[in-house]
Undergrad: 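I have a structure I would like to understand better, so I am pasting it below and will then ask my questions one at a time.
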Amino acid sequence: MIRKELVAASAEPLVLALLARGESYGYAIIQEVKARSGGQLQWTDGMLYPVLHRLERRGLIQARWGESETGRKRKYYSLKKDGKAAMAKHDEQWTMVHAVLAGLKGESYV
Amino acid sequence: MFDREQAITEWRQRMRAGGIITPPTLDELESHLRESMGEKVRAGWDEAAAFKAAGDELGKAGLLKREFAWAGGLWGGLGENLATRLNRLLALTWVGLSFWLLSNTLLICHERFFQDATKPTAGLLILVLGIIAFQELGGIIGGILLLRGAAGGRYLICTVAVLALIPDTFALFHPHNHPATIGYILAHVFFDLVTLWWLRPGRHARVAVN
């Protein structure tokens, strides 16, 4: 199981990156994260929504109410321009951290 | 016999009682609950078990409430529940104040038209007091709409606030023409400006109105 702190830190970049691929909604986002991580990233489903609302407040994503296949209302989210910029910044930082860790790992076998 | 709608209604009430008070948020969580349940039932789960598991996956209200409570950052926006409560307070203040002003207006109307020896022209009196009453009705109706979450409520109150600002700003520069004290006029102007700032477009995304 992934450490709590890492799950929390990765929530925002994951959501932004997923929304960059197109509009989506809460349930689908959670299922995708579970699937892509092979079940390692198990968010408490409800905890995604505060993250989505915070991102919306900060102007990084926008929401609209639409309908599901069964006709029930469903809230869809999409990435905004500021969200794309934030995502790029996250990408930069995660890449940097990963590069340092990978570099250290390489050295330890010398 | 498991009653799905009853169970979901009770779940929603528990979430409200636990502190998740914003209806659009409750709608979103409920939508998730239904989808999660639906998928489990399609996979062969018993409905009652699917409901319980889906509810557990969403999490307890208390835990979620803390997460919804703070937007993050020192000067980050207000949390959803606080914003909702302040919205209700603003709406109730508008309804209360407008109702009080309207009853005063009608009293004055009654006095001036029926009691006063030197009656102003009926037409002029009705016109002036009619405009004031219209504004106050706008405040009452707007406040009620805002409480019920109708978008029209915001626009109506903003219109009334702008209309109210015109004579009040004028009164600030010509205090002698106005029956009220400077303090009252300033308080009125301040309240109108705060209302316009609070209900401004762009806050729509995070101000869950109910």
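Every chain is numbered from 1, with letters handed out A, B, ... down the list of sequences.
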Undergrad: Checking A/Q31 against chain B: side chain, backbone, both or neither under 4.5 Å from a heavy atom?
TA: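 Looking at A/Q31, just its side chain touches chain B.
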Undergrad: Flag the one option from B/S36, B/A54, B/G38 with the top tally of heavy-atom pairs under 4.5 Å to chain A.
TA: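 Of the candidates given, the most pairs with chain A belong to B/S36.
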Undergrad: With only heavy atoms counted, which part of A/R74 is less than 4.5 Å from chain B, the side chain, the backbone, both or neither?
TA: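 Both backbone and side chain.
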Undergrad: Could you check whether A/T44 and B/E57, counting side-chain N and O atoms only, form a donor-acceptor pair closer than 3.5 Å?
TA: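 Note: B/E57 and A/T44 side chains miss the donor-acceptor criterion.
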Undergrad: Side chain, backbone, both or neither: which part of A/I30 has a heavy atom under 4.5 Å from chain B?
TA: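 Contact with chain B is through the side chain of A/I30 alone.
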Undergrad: Salt bridge between A/K75 and A/E56, side-chain N to carboxylate O under 4.0 Å?
TA: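 Answer for the salt bridge query: yes.
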Undergrad: So A/Y25 and A/Y76, would you call those rings parallel, tilted or perpendicular, with 30° and 60° as cut-offs?
TA: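 Aromatic pair A/Y25/A/Y76 classed perpendicular.
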Undergrad: Among side-chain atoms of B/D27 and A/W65, is any donor-acceptor pair under 3.5 angstrom?
TA: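 Side-chain D/A pair, B/D27 to A/W65: absent.
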